[in-house]
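Data block below; observations after.
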Amino acid sequence: AFGQKLSPELIAKMGQLAVNLHGSVLPAYRGAAPVQRAVMDGRATTGVSVIGLAQRMDAGEVYGTATLDIRPTDTAGDVHDRLAALGPEVVLRVLDDLEDGTLRPQEQDDTQATRAPKLTKADGTVDFAQNASAVRARVNGLNPWPGCRVTWQRDSTAGGGKPEVLMLRRVVEESEAQAEGAAPGTVLDGLRVATADGVVCLLELQAPGTKVMPAETFAAGHRLSPGDVLSTWNE
């Protein structure tokens with residue numbers, strides 16, 4: 001995330017082993033946003049890699065890795081914190097291998113490399129015309145930053161009104177549920193939202209300038225109701 005490339009001269013002065021702890025199992029997700037992109041892509045697992053420093057981004061030799069599962073309700077923030085707790089164990093293992101002479105660095109297969117470009121605020125929205133698993137992955141992968149903003153239009157039969165901005169913080173896919181013929185983005189009963197092939201259930205929401213709330217608490221205070229429509233936000 002720092003994004004500063006170190007010169008070969010500086011790396012050479014760092015000693016016997018100059019390494020970086022990266023938030024993916026390389027060569028997957030080279031770049032500034034590996035954790036967010038893995039969640040947004042709906043990956044079932046991710047991990048950390050201890051790598052040597054190189055002149056190409058995240059392309060150094062791999063000294064050690066560890067993996068973990070991405071759970072259905074995990075946000076990128078959740079996964080980041082679990083990876084941070086996992087990282088020291090891998091670094092210590094690498095140092096132990098170095099000390100006893102068993103460290104065997106592995107070259108990355110560049111043909112298998114994927115990219116994880118930095119996110120921008122403009123990335124922070126979702127299209128409910130995607131399938132439910134893709135909607136769930138994107139919303140949760142955008143948490144905590146830049147967040148997933150949507151345009152919230154209240155049901156016209158209840159007075160409608162000016163569109164508002166709503167931040168979706170955490171959702172879960174309901175794989176067996178049906179959208180009951182509703183258009184994608186329509187709010188259904190039970191704080192569910194229709195997608196292209198099913199529904200997602202809203203778990204955490206946030207209005208601009210307020211704190212994150214459980215969806216039930218938010219709905220009670222802000223009158224989020226069945227028939228309202230959520231759509232892609234444009235800044």
Side-chain angles (χ1 to χ4, degrees), residues 1-3 20-26 28-51 58 64-93 114-128 130-150 166-175 177 190-193 195 198-208 210-219 230 233:
F2 180 58
N20 174 49
L21 180 65
H22 185 75
S24 75
V25 179
L26 291 165
Y29 296 107
R30 293 177 179 175
V35 180
Q36 297 96 320
R37 297 288 182 181
V39 179
M40 290 168 67
D41 287 348
R43 294 289 291 265
T45 62
T46 188
V48 293
S49 300
V50 178
I51 60 171
D58 302 323
T65 63
T67 63
L68 59 74
D69 293 336
I70 299 176
R71 300 170 298 209
T73 59
D74 274 343
T75 66
D78 296 330
V79 175
H80 172 276
D81 291 349
R82 291 165 59 211
L83 290 175
L86 185 65
E89 175 186 337
V90 188
V91 173
L92 288 174
R93 190 171 74 227
T114 57
R115 302 295 177 185
K118 182 179 179 180
L119 293 167
T120 69
K121 188 176 179 181
D123 291 314
T125 191
V126 66
D127 181 1
F128 287 99
Q130 300 178 86
N131 62 45
S133 60
V135 171
R136 183 263 306 165
R138 186 169 185 87
V139 172
N140 293 347
L142 291 168
N143 183 350
W145 196 90
C148 184
R149 293 168 178 81
V150 295
L166 176 62
M167 185 91 77
L168 310 184
R169 281 303 192 176
R170 192 189 303 263
V171 303
V172 65
E173 175 187 359
E174 292 196 355
S175 58
L191 292 174
R192 300 174 303 150
V193 182
T195 69
V199 302
V200 293
C201 184
L202 305 174
L203 299 181
E204 294 177 355
L205 301 172
Q206 185 178 15
T210 69
K211 64 182 181 179
V212 178
M213 302 180 191
E216 295 87 349
T217 303
F218 181 95
L230 308 181
W233 168 81

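One is the number of the first residue; the rest follow in order along the sequence. As the structure is a computational prediction, the values presented were derived from the model and not from experiment.
- Looking at Lys118 and Asp123, their side chains never come closer than 4.5 Å, going by heavy atoms from C-beta outward.
- For the pair Arg82 (side chain) and Asp69 (backbone), a donor-acceptor distance under 3.5 Å is present.
- No donor-acceptor pair under 3.5 Å is formed between the side chain of Arg169 and the backbone N or O of Leu203.
- Side-chain atoms of Ser49 come within 3.5 Å of backbone N or O of Leu26 as a donor-acceptor pair.
- The backbone N or O of Thr75 lies less than 3.5 Å from a partner atom in the side chain of Asp78, making a donor-acceptor pair.
- Contact of the Val139 side chain with the Val200 side chain is not registered, since no non-hydrogen atoms from C-beta on lie closer than 4.5 Å.
- Counting only distance, with no hydrogens or angles, the side chain of Asn131 and the backbone of Thr195 share no donor-acceptor pair below 3.5 Å.
- Separating the CZ atom in Arg170 from the CG atom in Leu205 is a distance of 11.5 Å, to the nearest 0.5 Å.
- Gly141 approaches Ala76 most closely through the heavy-atom pair O-CB, 3.4 Å.
- In this structure, Glu89 contributes its side chain and Arg93 its backbone to no donor-acceptor pair below 3.5 Å.
- Distance check, rounded to the nearest 0.5 Å: CG of Leu119 to CG of Leu142 gives 6.5 Å.
- Taking the side chain as every heavy atom from C-beta outward, Val50 and Asn20 never approach each other to under 4.5 Å.
- Residues meeting the side-chain hydrogen bond (donor to acceptor under 3.5 Å, both in side chains) test with Ser24, sequence neighbours left out: His22.
- Without hydrogens or angle criteria, Thr125 side chain to Arg149 main chain gives a donor-acceptor distance under 3.5 Å.
- Proximity of Leu68 to Thr46: side-chain heavy atoms (C-beta onward) are separated by under 4.5 Å at one or more points.
- Of the inter-residue distances, the one linking Gln206 atom CD with Leu166 atom CG reads 9.5 Å to the nearest 0.5 angstrom.
- By the side-chain hydrogen bond (donor to acceptor under 3.5 Å, both in side chains) test, Glu173 pairs with no residue at all, sequence neighbours left out.
- Residues Phe128 and Val150 form a side-chain contact, since some pair of their non-hydrogen atoms from C-beta on lies under 4.5 Å apart.
- For the atom pair CZ of Phe218 and CD of Glu204, the computed distance is 12.5 Å after rounding to the nearest 0.5 Å.
- A distance of 8.0 Å separates CG in Leu86 from OG1 in Thr67, rounded to the nearest 0.5 Å.
- Annotation: side chain of Val171 is in contact with side chain of Asn140 (closest heavy-atom distance under 4.5 Å).
- For residues 36-49, the set of pairs meeting the salt bridge (Lys or Arg N to Asp or Glu O under 4.0 Å) definition, not counting sequence neighbours, is empty.
- To the nearest 0.5 Å, the span separating CG on Asp127 from CH2 on Trp233 amounts to 15.0 Å.
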